Amino acid sequence: AASGLPDGVDLAAVAAAGRNGFKKVPLSRAQYFERFTSLSGYTSSKLKKFWHCGRGVPVDYSSDGWLLKHCPPGARLTASLQYEARVQAGGTLALLLLWLA
């Protein structure tokens, strides 16, 4: 392809994933410390992934959807993620109810 990407890889999807192309690697030392100390960002990302997977919508590192159009998740993976998220939600709810009782 003219962009240097393999055929079927959408340049906009790669750009949306960030400069590192889906890698969870900081771009600088400052960004490393920012991510290391950002509890709200970490929590928000985990909750969004948990919510989407529980609904049966698999997500990648973006936490908002599946941006790799050339490598879509299969129905089996989607069902597995949904099941695991619902089991985790049920376990968390049960522990919370036991703690409140």
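Everything numeric in this text was worked out from a predicted model, so none of it was measured.
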Please confirm whether the backbone N or O of Phe33 pairs with a side-chain atom of Thr37, one donor and one acceptor, at under 3.5 Å? yes
With sequence neighbours left out, the residues meeting side-chain contact (heavy atoms from CB on, under 4.5 Å) with Thr43 are Leu39, Leu47
Quick one: list whatever passes side-chain contact (heavy atoms from CB on, under 4.5 Å) with Leu77, sequence neighbours left out. Pro73, Leu81
Could you state the interatomic distance from SG (Cys53) to NZ (Lys48), rounded to the nearest 0.5 Å? 12.5 Å
Spacing of OG belonging to Ser80 relative to CD belonging to Glu84, to within rounding of 0.5 Å: 5.5 Å
Which other residues belong to the hydrophobic cluster containing Trp51, where Ile, Leu, Val, Met, Phe, Trp and Tyr are joined when side-chain heavy atoms lie under 4.5 Å apart, directly or via other members? none
Side-chain atoms of residues 86-101: list all donor-acceptor pairs with protein atoms under 3.5 Å, sequence neighbours left out, distances to 0.1 Å.
unit_1 : atom_1 : unit_2 : atom_2 : d
Arg86  : NE     : Gly54  : O      : 3.2
Arg86  : NH2    : Gly54  : O      : 3.3
Thr92  : OG1    : Gln88  : O      : 2.8

Heavy-atom closest pair, residues Pro58 and Thr78: CG-OG1, 3.6 Å
